Number of protein chains: 2
Amino acid sequence: MARTKDPAVRTLLVERAAHMLRTREPITLRSLVAGTGVSTMAVYTYFGGMDGVWKALRQEGFTRLGARLATVTMSTDPVRDLTALVVAYVGNALDHTDLYRVMFDANFDLEDAQAADDTLEYLVRAAERGRRAGRFRADIDPLELAIQSWAIGHGLVSLVATGPLPRRTLGHGAPMLTALFISAGDRSDGCRTSVEQGWKQLTPPGEEPGAE
Amino acid sequence: MARTKDPAVRTLLVERAAHMLRTREPITLRSLVAGTGVSTMAVYTYFGGMDGVWKALRQEGFTRLGARLATVTMSTDPVRDLTALVVAYVGNALDHTDLYRVMFDANFDLEDAQAADDTLEYLVRAAERGRRAGRFRADIDPLELAIQSWAIGHGLVSLVATGPLPRRTLGHGAPMLTALFISAGDRSDGCRTSVEQGWKQLTPPGEEPGAE
DNA sequence: ACTATAGCACAGCAATGCTATATAATCGGG
DNA sequence: CCCGATTATATAGCATTGCTGTGCTATAGT
């Protein structure tokens, strides 16, 4: 018995906000709706306020991350695949630096808290396959190995994305993952080549992905 | 031929800002100077604006981190010491969560850019001692090992501090560092005990350090 | 002591996020 | 097919934000 929200408006605003983040325009209540035809009130009906916009933006970040992880094609080599997933994680952070920063902002609250777990799940499954394939010891917990891989990727790329480390430092990711996987039971020589196979997918420093 | 700035005012404001950060009061131009007797203009004469306050706050964060790293007593076991330094880094991040977040905020610019390098230098020196002591291979670059240790500590604690991982996840730090040090040449059994020696300094989850 | 310089206090500016109120649109029931 | 209740939307206004302009005052150097 009343008007219904138009979901197109919501996605329009989220995408515009993500775009403004990328172009480094300050995202304010008024600048966000400027030129879209919708009024400032729309922000409150769809997001409850600017906080809601940021929350939706974090969600969008995880959605894009999930989409990127989904593009990683699985091979017969689980160690390569796990590495490739970490590389995809790092690549996503580099391609959407500002959105990536927002994702882990002050208050980490998402609309769908499951989203973060879902992305981790990609890593967990690869770790599981690695254990089943005999690359990792039987007493290795796939979740723990996934978390450790995540921490390595996140630690490196966040230090690079926020400034303190130069971009070439990302190269340390391969030896670090190799060390981790070997400690999980993988054989030294095979691990190195697997990780290198997965790691070489990383976008080279000079090559920025087509801006917008 | 004119008035001079009183350095006490500057430190007063920085410490007050750090305190407000800790108590989660919003830091605004007016709230910062409220009750201090100084007027809003002081913020501009001493910091050039609120941006300058945040920059000084980042600097303060690195100063406190450096002070904490300096308290780590060096032993005859460089691997233990390197681990203890990472533990100190993690502990500092947990004790000053909000300041830690500010340190790696949007634009990573410090008043003294050297400060970040200085903290890393602690790790580098421990890695050097480890190599001289024969714990790490001769071809290991102490700087690289330090960066990798940093990335592990930072990755873990930042994922914990910003929300996605529960605090107990920090326990993964020990096996990760062990894997890293073994890959750098340390012997398996000795490494494990060294890392455990250094790691047990970490503040247990339940025990919050005396607030204020 | 005099003066030029720089710190300081106050007031006011545009811009911010948010809310109150009034208007208009639309879905459900008859 | 229309009507009314309900909800989105538009506009205006609020307190607060960071910042700047204007004098005033304190002080360091000659």
Side-chain angles (χ1 to χ4, degrees), chain A residues 1-60 98 101-102 105-107 109-111, chain B residues 1-60 98-99 101-102 105-111:
Chain A
M1 341 142 82
R3 293 179 71 171
T4 60
K5 293 193 226 282
D6 181 5
V9 175
R10 185 192 166 87
T11 61
L12 166 73
L13 288 180
V14 169
E15 279 168 15
R16 175 167 165 79
H19 173 72
M20 294 175 73
L21 211 61
R22 170 172 259 280
T23 57
R24 286 187 164 63
E25 300 169 79
I27 300 180
T28 73
L29 170 65
R30 289 169 174 81
S31 72
L32 178 59
V33 301
T36 63
V38 307
S39 97
T40 60
M41 274 303 296
V43 172
Y44 290 87
T45 56
Y46 288 96
F47 304 96
M50 286 305 289
D51 282 2
V53 173
W54 292 107
K55 188 190 273 195
L57 226 32
R58 277 189 287 273
Q59 196 72 37
E60 175 75 8
D98 310 271
R101 267 202 287 257
V102 172
D105 238 8
N107 41 358
D109 59 339
L110 305 170
E111 299 164 341
Chain B
M1 358 156 58
R3 295 177 69 171
T4 58
K5 292 194 227 279
D6 181 5
V9 174
R10 185 191 166 88
T11 60
L12 166 73
L13 288 179
V14 169
E15 280 168 15
R16 176 167 164 80
H19 174 71
M20 293 175 75
L21 210 61
R22 173 172 258 278
T23 56
R24 286 188 165 63
E25 300 168 78
I27 300 181
T28 74
L29 171 66
R30 288 169 175 81
S31 72
L32 177 59
V33 300
T36 62
V38 308
S39 97
T40 59
M41 271 304 295
V43 172
Y44 290 87
T45 57
Y46 289 95
F47 303 97
M50 285 307 289
D51 281 2
V53 173
W54 292 106
K55 187 190 274 195
L57 226 33
R58 276 189 286 275
Q59 196 72 38
E60 175 75 9
D98 309 271
L99 193 53
R101 267 202 288 256
V102 172
D105 238 7
N107 40 358
F108 182 80
D109 60 339
L110 305 169
E111 300 164 339

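Below, read A as the first sequence line, B as the second, and so on, with proteins coming before strands; counting in each chain starts at 1. These values consider heavy atoms only, across backbone and side chains, with no hydrogens, waters or symmetry-generated copies. Quick caveat, the model's predicted, so the values are computed rather than measured.
- Direction of the helix axis in the helix from C:dA1-D:dT30 to C:dG30-D:dC1 shifts by 20° between the two five-pair termini, rounded to 10°.
- Closest of all the heavy-atom pairs between B:R30 and B:T40 is CG-CG2, 4.2 Å.
- Taking the 5' to 3' direction, DNA chain D first and last meets chain A under 4.0 angstrom from a heavy atom at D:dA5 to D:dG13.
- Summarising the geometry of B:T45 relative to B:K5, their closest heavy-atom pair is O-NZ, 3.1 Å, with the distance given to 0.1 Å.
- The minimum heavy-atom distance between A:A56 and A:F47, with the atom names listed, is CB-CE2, 3.7 Å.
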Problem set entry | Sugar-phosphate or base contact per nucleotide [nucleotides 22-30 of chain C; S, B, -; heavy atom under 4.0 Å] | ---BBBS--
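- Side-chain contact between A:D98 and A:R24: present, with at least one pair of heavy atoms (C-beta onward) separated by less than 4.5 Å.
- Using a 4.0 Å cut-off on heavy atoms, the residues of residues 42-51 of chain A that approach DNA chain D are A:T45, A:Y46, listed by number.
- Between B:I27 and B:L57 there is a side-chain heavy-atom pair separated by less than 4.5 Å.
- Of the residues in residues 24-32 of chain B, those lying under 4.0 Å from DNA chain D by heavy-atom distance are B:I27, B:T28, B:L29, B:R30.
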Would you mind writing out the side-chain donor-acceptor pairs for residues 8-16 of chain A within the sub-3.5 Å range, not counting sequence neighbours?
from	atom 1	to	atom 2	distance (Å)
A:R10	NH1	A:Y46	O	3.0
A:R10	NH2	A:E111	OE1	3.4
A:R10	NH2	A:E111	OE2	2.7
A:T11	OG1	A:A8	O	3.0
A:R16	NE	A:L32	O	2.5
A:R16	NH2	A:S31	O	2.8
A:R16	NH2	A:A34	O	3.1

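- Looking at B:V33 and B:M41, their side chains never come closer than 4.5 Å, going by heavy atoms from C-beta outward.
- Heavy atoms only, all atoms of each residue included: A:T28 and A:M50 are closest at C-CE, 4.0 Å.
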